[in-house]
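A quick write-up on the structure given underneath.
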Amino acid sequence: MSERLQVPRGTYDVLPQDAGARAALEATARRILEGAGYARIETPAFEHTEVFARGVGASTDIVQKEMYTFDDGGGRSVTLRPEGTAPICRAYAEHGMHKLPQPVKLWYLSSFFRQEKPQAGRFRQFWQVGAEAIGSDDPAVDAESIVLLSTLLDELEVGGLRLRLASLGTLAARHAYREELQAYLRAHADELSADVRERIDLNPLRAFDSDHPGTRAAMAGAPLLLDHLDADDAAHFAAVRELLDRAGIAYEVDPTLVRGLDYYTRTVFEFTSDALGAQSGVGGGGRYDGLVEMLGGPATPGCGWAAGIERMLLAAGGMPVAAPPVDLYVAFDDAAGSRAAAFAVADEARSARLHAQLELAGRSRKGQLKHADRIDARYVAVVSDDTTVLRDRHAGEQHGVPTGDVVAWILRERGMR
RNA sequence: GUGGGCGUAGCUCAGCUGGUAGAGCUCCUGGUUGUGGUCCAGGCGGUCGCGGGUUCAAGUCCCGUCGCUCACCCCA
């Protein structure tokens, strides 16, 4: 035997026993999002690398070290999509969707790829459901986005949820703040942990999350981005909060909430679950008012979110999904040469829209009946050329039926029930 | 990239101080039963992750390596 192959690191097979829960999640997402007027979109699994380099931001971890980038064979650099928002904004610009009624509301359920070291709730190919509303800067868009994700998580019974909310202001305000924070950190460098000190240039905001005592003390006096919003951004944030309050959505304002993609402006939010391990984020998103323009489209506001399928399923616990009912299981005696007759019965049953399964494993009579029990078939037909023994497993009775009449007999019985 | 834990049948796992592999479940067959479920018997299935080393002898000890997993970082 050759060496046994296995899936690449960070990927997994969705086996039949797990497919039901995923299908149920997809159905729930579809109902909620399409009910709110979102239409499904599917973009390619890979894009020109430029889409992410410009959209997600060249300085982010995603672009710097997590992308699967390769030559497409013709000298162009392409990248397996690491996230969904930039490709959708690329599509919005490419197809001139600014001429449609605004905002254009789109949802997706797709797989994404990041070259990270896998751990609980983190994979190299992972699935996200997401929603984007592009073309309006109304605070109601932000609030509606959050409410939709909140509804989805509630309906999926994702446990231990917490919602954190912040506003990043405009890109300009954010960059100005970043420099101010870096200056503050450098001024207090001797009070900070080595870890935080090393990251002043790369990720100064992380200093807020440190549990190092000296760092915590120093950060108590650090400037906060929320205090630096201009009047429009502050008003926008206040409006979003008011709508959430009226909708009865519980949240906490977290001035240190950062998201690792450069395109966010104004509102950002994240749902976490304490039912997960270290990767506690189940879903999050925010507003990205400059993104469409960065990708070559007209200046267009937008807002959206994405939630991890694996993490939602993990935090929701496995909800068992019933197997589809089997109406008829067609058994036969191969030694008696009844295979062809049985094959015809199964075929006819399926034409009549019955869920029918044919014996395919050469089982003994006992094995066939055991299998009928295992798949919980309503009827078992033991077929021979002329006469079939048709057993109603629920009623516990059986009849001899001419083989040609088996399907008609079942349909008639079912009509009478 | 760094660190912790783990790698024995499809699954869950036993194999004590080294002596050339076991159980339960699953699947299949036969018997029993009311033609299923129960019960009994049998069968399929493993180069003990891989490669070296020590030894008369290694799943069991030593070294290396690969894989899985959890955590750091970051994110969904």
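Chain letters run A, B, ... following the sequence lines, proteins first and then strands; every chain starts at 1. Only heavy atoms go into these numbers, but all of them, side chains included; no hydrogens, no water, no symmetry mates.
Rounded to the nearest Å, the gap between the P atom of rC48(B) and that of rA9(B) is 10 Å. Here the separation of rC16(B) from rC6(B), taken at their P atoms, is 16 Å to the nearest Å. A gap of 40 Å separates the P atoms of rA14(B) and rC75(B), to the nearest Å. Going from the P atom of rA21(B) to that of rU26(B) covers 27 Å, rounded to whole Å. Distance check on atom P: rG67(B) versus rC27(B) gives 34 Å, rounded to whole Å. Straight-line distance between the P atoms of rG49(B) and rC13(B): roughly 15 Å, to the nearest whole Å. Between rC62(B) and rC25(B), the distance separating the two P atoms is 35 Å to the nearest Å. Going from the C1' atom of rU47(B) to that of rU8(B) covers 12 Å, rounded to whole Å.
Atom CD in E132(A) sits roughly 13 Å away from atom C1' in rA76(B) (whole-Å rounding). We find that CD of Q125(A) is positioned 14 Å from C1' of rA76(B), with the value rounded to whole Å. For the pair Y264(A) OH and rC74(B) P, the computed distance is 17 Å after rounding to whole Å. Taking atom CZ of residue R122(A) and atom P of nucleotide rU69(B), one finds them 12 Å apart after rounding to whole Å. Between the CE atom of M312(A) and the P atom of rC75(B) there is a distance of 19 Å, rounded to whole Å. Atoms OH (Y12(A)) and C1' (rU69(B)) sit 16 Å apart, rounded to a whole Å. Taking atom CE of M67(A) as the reference point, atom P of rC74(B) lies 19 Å away to the nearest angstrom. Between W127(A) atom CH2 and rA76(B) atom P there is a gap of 18 Å when expressed in whole angstrom units.
Here F112(A) does not pack flat against the base of rA76(B), since the 5.5 angstrom centre distance and 30 degree tilt limits are not both met.
Nucleic acid contact for R391(A): base, since at least one base atom lies under 4.0 Å from a heavy atom of the residue. When heavy atoms are screened at a 4.0 angstrom cut-off, G277(A) is found touching the sugar-phosphate backbone but no base atom. Residue contacts for R114(A): at a heavy-atom cut-off of 4.0 Å it reaches a base atom on one of the strands shown. Here E83(A) lies out of heavy-atom contact (under 4.0 Å) with every strand. Residue R311(A) is classed as a base contact, given a heavy-atom separation below 4.0 Å to a base. Here Q398(A) lies in heavy-atom contact (under 4.0 Å) with a base.
Where F271(A) and K366(A) each meet RNA chain B at their nearest nucleotide, the meeting point lying more 5' is that of K366(A). Across the interface with RNA chain B, nearest-nucleotide mapping of R374(A) and R393(A) shows R374(A) to be the residue nearer the 5′ end.
Minimum atom distance to the side chain of A278(A) is reached by rC72(B), of the listed rA76(B), rC72(B), rC27(B). Distance from the side chain of Q6(A) is smallest to rG67(B) among rC28(B), rG36(B), rG67(B). Listed nucleotides rA76(B), rC75(B), rG37(B) differ in distance to K370(A); the shortest reach to its side chain belongs to rG37(B). Comparing rC75(B), rG37(B), rA71(B) by their nearest atom to the side chain of A120(A) picks out rA71(B).
Remark: R76(A) engages no residue in a salt bridge (charged side-chain N to carboxylate O under 4.0 Å, His left out) (not counting sequence neighbours).
Separation of the Y251(A) and F269(A) ring centroids does not fall under the 6.0 Å cut-off.
Judged by distance alone, the side chains of T69(A) and S77(A) never bring a donor and an acceptor atom under 3.5 Å apart. A donor and an acceptor atom, one from each side chain of H371(A) and R374(A), are located under 3.5 Å apart. Between D138(A) and S136(A), the side chains place no donor N or O within less than 3.5 Å of an acceptor N or O (distance only, hydrogens not considered). Side-chain contact, E359(A) with Y329(A): a donor N or O sits under 3.5 Å from an acceptor N or O. Side-chain contact, T267(A) with S167(A): no donor N or O sits under 3.5 Å from an acceptor N or O. Checking Q125(A) against Y68(A) by side-chain atom types alone, no donor-acceptor pair falls below 3.5 Å.
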Give every pair of a protein N or O atom and an N or O atom of nucleotides 2-7 of chain B that lie under 3.5 Å apart, one pair per line with the distance.
| unit_1 | atom_1 | unit_2 | atom_2 | d |
| --- | --- | --- | --- | --- |
| rU2(B) | O4 | K117(A) | NZ | 2.5 |

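Of the side-chain N and O atoms in S364(A), one or more sit less than 4.0 angstrom from OP1 or OP2 of rG30(B). Taking only side-chain nitrogens and oxygens, Q119(A) comes nearer than 4.0 Å to OP1 or OP2 of rA71(B).
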Starting from the C-alpha separation in whole Å, work towards a yes-or-no answer on side-chain hydrogen bond (donor to acceptor under 3.5 Å, both in side chains) for E132(A) and T85(A).
CA-CA 7 Å; E132(A) 315 288 353; T85(A) 302; 2.8 Å; yes
For T388(A) and H399(A): C-alpha separation, side-chain torsions, deciding distance, then whether side chain to side chain contact (heavy atoms under 4.5 Å, CB included) applies.
CA-CA 8 Å; T388(A) 288; H399(A) 309 273; over 6 Å; no
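In this structure the side chain of F113(A) never reaches within 4.5 angstrom of the side chain of M67(A), judged on heavy atoms.
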Using Watson-Crick and G-U wobble pairs with both distances under 3.5 Å, what is the 5'-to-3' dot-bracket string of RNA chain B, with [ ] for crossing pairs and | for pairs outside the strand?
(((((((..((((........)))).(((((.......))))).....(((((.......))))))))))))....
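Ring-plane geometry between F126(A) and F112(A) is classed as tilted, the angle between the planes lying from 30 to 60 degrees on a 0 to 90 degree scale.
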